[in-house]
*Asks:* 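Take a look at this one; I'll ask things after.
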Amino acid sequence: MSEWERVRLAEVITLDVDVVPITATASYDIVGVLNRGRGLLLRDPIAGHETSYKTLNRIRPNQIVYSRLKAFEGAITVVPNDLGEVYASQEFPTFTCGERLLPEYFRLLTSTKRLWHHLQALSTGMGGRRERVKPADFLTVEVALPSLPEQCRVVDMMAAVDAQIEALEAELKHCSALLAGLQADWLSESEGMRLAKLDEIAQIDVGYAYKSAQFSDSSQGIRLLRGDNIAPGRLQWDGAKYWPTHTPDDDRYQLQAGDVVVGMDRTWIKAGLRVATVREQDLPCLLVQRVARMRAKPGNNQRLIEFLVNSPAFKQMILSHQTGTSVPHISGKQIASFEVWVPTGEPSQRRLGNVLSQVRESEDSVLAELSRLRTFRNTVLASLLNQEIDIPEAYDSLLKEVS
């Protein structure tokens, strides 16, 4: 295994900013930089006559770019080599790699916590009072640099993993689009469907206004299901609150496996449609105010209730009926009055629910595989950069054959 050299960035990259004067009659495609090394953010174009900027920085392919203000969040990346002409404000300095550093290799470094911590250390202060990371300070960061052939090996190996991740992301997008399309097509007016108010097919209950002063952060007592605990398709219990005692009055607010729960305040409406189905591992828990529970009434199918509430049509009804400006919300009475298209009879509902469930299960399976692969990627990259994994020189001949 060869020794990797410790270098300051100033030794392998140079500050290279292309400042472009603003022309009133021109339009400029604008980009930002996402945090945690997640790449560029494509923003809406701006017209020259609509901005107070006098100049913009031209962001060129294969350049390193970071946000001086958000560097502490890991807002750094390497520009894709197939990107068209884009621009950013002067808050985004750009750097060009020298002969000793591959842009593709540095792109991998931008996704590591080690580099983010360097940037965080250079950005002093708290919150909005943080100082911007100056280019001169950025160039003092030290990195471990392998030889160019070794950089090529690392880049090639990680490219294979990233290609698998991209394929799974495309598959996940396809599953999500298919599910949304089926919901839009099948849960609408057609033969064998009837229009019903939601409270005709489901029992809708709203949670109790438990006193927040008596909430506990410890795991003593019973968990409270609040709007903050509802994520798309599942419940998440980070920062869960507990009710210390249980009384018979709480029984009506006990949740059961299979219950469909929805948020009714800004947690749901502003963040997008959030619906989840309670699982066995979520129990026991209690329903809290501003969260609604839906259970299918006799002769109706519980699975179909979940897909009805997750459908684009239902989301549009929520957005059109919400009240309040600073704190938008909706009431259980309003939800109960929504009219939805449902199959006639429980057998038809069950068949449709089963088909939709199969698509949802495929989506969940791809999502789980994607999560595992991302974890694997992070582990492999860390091992490569720590020189815990050595790619033999014989790999170079393979790269030449396929190039």
Side-chain angles (χ1 to χ4, degrees), residues 1-20 31-34 36-40 55-68 70-72 74-123 132-159 162 381-382 384-387 389-391 393 395-396 399-400 403:
M1 181 180 295
S2 63
E3 289 294 326
W4 290 19
E5 185 181 359
R6 294 292 302 180
V7 299
R8 294 168 68 237
L9 289 181
E11 300 176 53
V12 291
I13 68 174
T14 56
L15 180 64
D16 183 9
V17 181
D18 184 11
V19 180
V20 178
V31 297
V33 180
L34 295 167
R36 302 193 305 280
R38 293 180 295 139
L40 292 178
T55 63
L56 290 171
N57 290 350
R58 193 195 311 269
I59 310 299
R60 289 164 286 170
N62 287 328
Q63 284 195 306
I64 299 167
V65 58
Y66 73 86
S67 168
R68 295 200 307 164
K70 296 293 185 179
F72 73 96
I76 182 171
T77 192
V78 174
V79 182
N81 58 16
D82 59 351
L83 189 68
E85 191 164 293
V86 295
Y87 302 84
S89 75
Q90 294 180 1
E91 291 292 341
F92 297 87
T94 53
F95 304 79
T96 297
C97 295
E99 295 180 352
R100 299 167 59 194
L101 176 64
L102 294 176
E104 296 85 356
Y105 180 78
F106 195 81
R107 182 181 289 118
L108 295 175
L109 297 185
T110 66
S111 65
T112 63
K113 291 182 179 180
R114 183 177 300 174
L115 183 59
W116 306 342
H117 291 159
H118 281 307
L119 295 173
Q120 192 172 41
L122 293 172
S123 182
R132 289 164 168 79
V133 174
K134 301 180 180 70
D137 293 332
F138 173 64
L139 291 171
T140 66
V141 171
E142 285 192 356
V143 297
L145 188 70
S147 66
L148 283 175
E150 287 179 288
Q151 291 180 44
C152 287
R153 294 171 211 152
V154 172
V155 167
D156 187 71
M157 178 173 285
M158 295 309 303
D162 288 338
L381 179 57
L384 287 169
L385 297 181
N386 291 333
Q387 293 185 274
I389 297 177
D390 182 33
I391 308 174
E393 292 185 12
Y395 190 78
D396 295 348
L399 287 180
K400 290 178 181 178
S403 63

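Predicted, not measured: the structure shown is a model, and the values here were computed from it.
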*Asks:* For Arg114, give me all partners under salt bridge (charged side-chain N to carboxylate O under 4.0 Å, His left out), at least two apart in sequence or on another chain.
*Replies:* none
*Asks:* For Thr55, check side-chain contact (heavy atoms from CB on, under 4.5 Å) against everything at least two apart and list the hits.
*Replies:* Val19, Gln90
*Asks:* How about Val141 and Leu122: do any of their side-chain heavy atoms sit closer than 4.5 Å?
*Replies:* yes
*Asks:* What distance separates Phe95 CZ from Ile76 CD1, expressed to the nearest 0.5 Å?
*Replies:* 8.0 Å
*Asks:* State whether the side chain of Thr96 and the backbone N or O of Gln63 hold a donor-acceptor pair below 3.5 Å, judged by distance alone.
*Replies:* no
*Asks:* Go through the structure and list residues passing side-chain contact (heavy atoms from CB on, under 4.5 Å) with Pro103, not counting sequence neighbours.
*Replies:* Asn62, Val78, Cys97
*Asks:* Who are the side chain to side chain donor-acceptor pair (under 3.5 Å) partners of Glu5, not counting sequence neighbours?
*Replies:* Arg100
*Asks:* Could you list the residues that satisfy side-chain contact (heavy atoms from CB on, under 4.5 Å) with Thr77, not counting sequence neighbours?
*Replies:* Val33, Leu40, Val65
*Asks:* Taking the side chain as every heavy atom from C-beta outward, state whether Thr94 and Asp18 have any atom pair closer than 4.5 Å.
*Replies:* no
*Asks:* If you round to the nearest 0.5 Å, how far is CD1 of Ile391 from CE of Met157?
*Replies:* 4.0 Å
*Asks:* How about Leu381 and Ser111: do any of their side-chain heavy atoms sit closer than 4.5 Å?
*Replies:* yes
*Asks:* Once you round to the nearest 0.5 Å, how far does CG of Leu101 lie from CG of Leu9?
*Replies:* 8.0 Å
*Asks:* Locate the shortest heavy-atom distance separating Pro135 from Arg68; write the atom from each residue and the value.
*Replies:* CD-CD, 4.3 Å
*Asks:* Between Asp16 and Arg60, is there a side-chain heavy-atom distance shorter than 4.5 Å?
*Replies:* yes
*Asks:* Looking at every non-hydrogen atom in both residues, tell me the closest pair between Val17 and Pro93 and how far apart they are.
*Replies:* CG2-CA, 4.4 Å
*Asks:* Applying side-chain contact (heavy atoms from CB on, under 4.5 Å), name anything that partners Leu148, two or more places apart in sequence or on another chain.
*Replies:* Leu102, Gln151
*Asks:* Going by ring pair (Phe, Tyr, Trp, His ring centres under 6.0 Å), name the pairs with one or both residues in residues 97-120, residues two or more places apart or in two chains.
*Replies:* none
*Asks:* Report the residues that fulfil side chain to side chain donor-acceptor pair (under 3.5 Å) with Ser89, sequence neighbours left out, ordered by chain and then residue number.
*Replies:* none
*Asks:* Please confirm whether the backbone N or O of Val133 pairs with a side-chain atom of Asp137, one donor and one acceptor, at under 3.5 Å?
*Replies:* no
*Asks:* Could you list the residues that satisfy side chain to side chain donor-acceptor pair (under 3.5 Å) with Tyr87, not counting sequence neighbours?
*Replies:* Arg58, Glu85
*Asks:* Can you tell me how far NZ of Lys134 sits from OG of Ser123, rounded to the nearest 0.5 angstrom?
*Replies:* 10.0 Å
*Asks:* Apply salt bridge (charged side-chain N to carboxylate O under 4.0 Å, His left out) to Arg132 and list each qualifying residue two or more places apart in sequence or on a separate chain.
*Replies:* Glu91
*Asks:* To the closest 0.5 Å, what do you measure between CG (Leu108) and CG (Leu115)?
*Replies:* 11.5 Å
*Asks:* For Leu119 and Phe72, what are the C-alpha separation, side-chain angles and deciding distance, and is it a side-chain contact (heavy atoms from CB on, under 4.5 Å)?
*Replies:* CA-CA 5 Å; Leu119 295 173; Phe72 73 96; 5.9 Å; no
*Asks:* Indicate yes or no: at least one non-hydrogen side-chain atom of Leu109 is less than 4.5 angstrom from one of Leu385.
*Replies:* yes
*Asks:* Rounded at 0.5 Å granularity, tell me how far NZ in Lys113 sits from CD in Gln120.
*Replies:* 11.5 Å
*Asks:* Would you please name every residue forming a side chain to side chain donor-acceptor pair (under 3.5 Å) with Asp162, sequence neighbours left out?
*Replies:* Arg377
